Amino acid sequence: MTDTPRRALVAAVLGTVFATVGIAGVAHLYLRRWRRGVGWFLFVGGSAVALVFALNPSTLSISAVLAEPVAALASANVEPAAVYPPLLVLLGLSVYDACRIAVKPAASGDADVACPVCGYPLDTELEFCHWCSSAIVWSEPGAESDR
């Protein structure tokens, strides 16, 4: 199994396992896409809170949520069947996004040097790929290759 399908498989498994408990973005963290993973986590969590507010606006007040957020949201009388389907769609989109990122690495420009393993752009001052940690052997510009 090559490295790219393995990364996609691990991202899909991690994303699916953590999505079953309602946590988005873990697959992105595995792929070292920190901001994107935190963004997905906050987006799905914020969407859950927004759905609770939208489905039960009469019993929840902003002052109660600001005073005691956990107690106010826990006391909300919302039907779970109304909240779960939209959240499952968002969690599924998060897993799909992570798998798409794992399969198709970021496009590098013509001037950039790409990693031979993962395809991401390389920092020429490092002797390893900071994306996949593969060792990079730089050849001298005038040196001939062995191939």
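Computed from a predicted structure; not experimentally measured. Side-chain atoms are counted along with the backbone in the values below, which use heavy atoms only and exclude waters and symmetry mates.
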Euclidean distance, L42 CG relative to R35 CZ, rounded to 0.5 Å: 13.5 Å

Point-to-point distance, once rounded to the nearest 0.5 Å, from OG of S94 to CG of L87: 12.0 Å

V44 reachable from W34 in the ILVMFWY side-chain graph, under 4.5 Å edges: no

Qualifying salt bridge (charged side-chain N to carboxylate O under 4.0 Å, His left out) pairs, either residue in residues 61-80, two or more places apart: none

Connected via hydrophobic side-chain network under 4.5 Å: V95 and V38: no

Value rounded to 0.5 Å, distance of CZ in R7 from CD1 in I101: 9.5 Å

Distance-minimising heavy-atom pair for S134 and C132: OG-SG, 3.0 Å

Euclidean distance, R33 CZ relative to W40 CH2, rounded to 0.5 Å: 13.5 Å

Interatomic distance, S47 atom OG to L90 atom CG [nearest 0.5 angstrom]: 5.0 Å

Which residues share a side chain to side chain contact (heavy atoms under 4.5 Å, CB included) with Y96, sequence neighbours left out: R100

Contact check, side chains of L51 and P86, non-hydrogen atoms, under 4.5 Å: yes

Under 4.5 Å side-chain linkage, directly or through intermediates, the cluster mates of F128: L126

Flag side-chain contact, heavy atom, 4.5 Å: I136 against P116: yes

Partners meeting side chain to side chain contact (heavy atoms under 4.5 Å, CB included) with V49 (sequence neighbours left out): F53, L73

Derivation of the side-chain contact (heavy atoms from CB on, under 4.5 Å) call for H130 and C115: CA-CA 9 Å; H130 63 279; C115 174; over 6 Å; no

Which pairs of donor and acceptor atoms, one on a side chain in residues 10-30, lie under 3.5 Å apart (sequence neighbours left out)?
residue, atom, partner, partner atom, Å
T16, OG1, A12, O, 2.7
T20, OG1, V17, O, 2.4
H28, NE2, D97, OD2, 2.8

